[in-house]
Amino acid sequence: MFAKKKEAPAPLALTPLDRTPHDQARVAAPQIHQPVAPPARPKPVSMFAQGLTVRGDIVGDVEVHLDCAVLGDVKVGKLIIGPNARVEGSVISQAMEIHGQVIGSVTAQSVRLYGTARVDGDITHEQLAMETGAEFQGRSLKFRRPAPSQPQPQAHAQPQPPQTAPTAPPSASQTPYSHVAH
């Protein structure tokens with residue numbers, strides 16, 4: 001009387017892909033891996049601890065953390081001058097964080113002076129950030145990008161006189177003051 005109907009499987013929403021002979025050959029072919037260069041290892045940080053005095057220059061393309069006294073120039077990749085550090089000499093790096101004291105010129109693309117920083121010298125930079133409490137005695141000089149070089153005229157080309165704009169007489173504010181009586 002009551003018979004259970006057998007359910008037919010539902011139709012597939014996606015049709016299976018038929019493999020072509022080209023696909024089967026590609027699957028069967030062994031995979032050849034090209035040698036992959038190992039990832040670049042980060043350069044280790046060099047740490048000069050408190051209580052150390054360095055007399056001479058520190059030069060290298062590495063990250064350096066100074067927390068000591070340096071009597072000489074420092075030229076490194078990245079520089080962190082710790083709160084106990086004192087550097088007497090010029091300091092050059094790509095990026096620089098200053099927590100301590102620098103007596104000399106500072107040159108970096110990015111310079112950050114923290115609240116405990118004391119700098120006595122000019123800072124040449126692209127970016128300069130100063131926290132409240134940082135002391136800076138000197139000039140802040142922005143990097144000047146070199147102008148694109150002009151192509152040199154050929155030796156056989158005739159030089160043309162430079163074109164100048166017509167000049168107007170200087171205004172009274174632009175004329176230098178003269179002590180001559182009128």
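None of these values were measured; they are calculated from a predicted model.
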- Note on the structure: dist H125:NE2 -> Q109:CD (nearest 0.5 Å) comes out at 12.5 Å

[X] and [Y]: which non-hydrogen atoms are nearest, and at how many Å?
| X | Y | result |
| --- | --- | --- |
| D67 | N84 | OD1-N, 3.1 Å |
| P83 | T116 | CB-OG1, 4.4 Å |
| F48 | C68 | CB-SG, 3.5 Å |
| V62 | S46 | CG2-OG, 4.2 Å |
| V70 | G56 | CG1-O, 4.2 Å |
| S90 | D73 | N-OD1, 2.9 Å |

- Applying side chain to side chain contact (heavy atoms under 4.5 Å, CB included), name anything that partners Q127, two or more places apart in sequence or on another chain. S110

- Message: Tell me every residue that passes side chain to side chain contact (heavy atoms under 4.5 Å, CB included) with E88, counting only those two or more places apart in sequence or in another chain.
- Response: L71, R86, I103

Would you say the side chain of [Y] lies within less than 4.5 Å of the side chain of [X], judging by non-hydrogen atoms?
| X | Y | value |
| --- | --- | --- |
| I123 | L113 | yes |
| L66 | V54 | no |
| V106 | S93 | no |
| Q94 | K78 | no |
| I80 | E63 | yes |

Is it true that [X] and [Y] fall in one hydrophobic cluster, defined by side-chain heavy atoms closer than 4.5 Å?
| X | Y | answer |
| --- | --- | --- |
| V87 | Y114 | no |
| V76 | L52 | yes |
| I92 | L128 | no |

- Query: Can R112 and E97 be counted as an ion pair, charged N to O under 4.0 angstrom?
  - Reply: no

- Message: Testing the 3.5 Å rule here: is there a donor-acceptor pair between the side chains of D122 and S105?
- Response: no

- Message: Pair V74, I81 - check side-chain contact (heavy atoms from CB on, under 4.5 Å), show working.
- Response: CA-CA 11 Å; V74 179; I81 298 176; over 6 Å; no

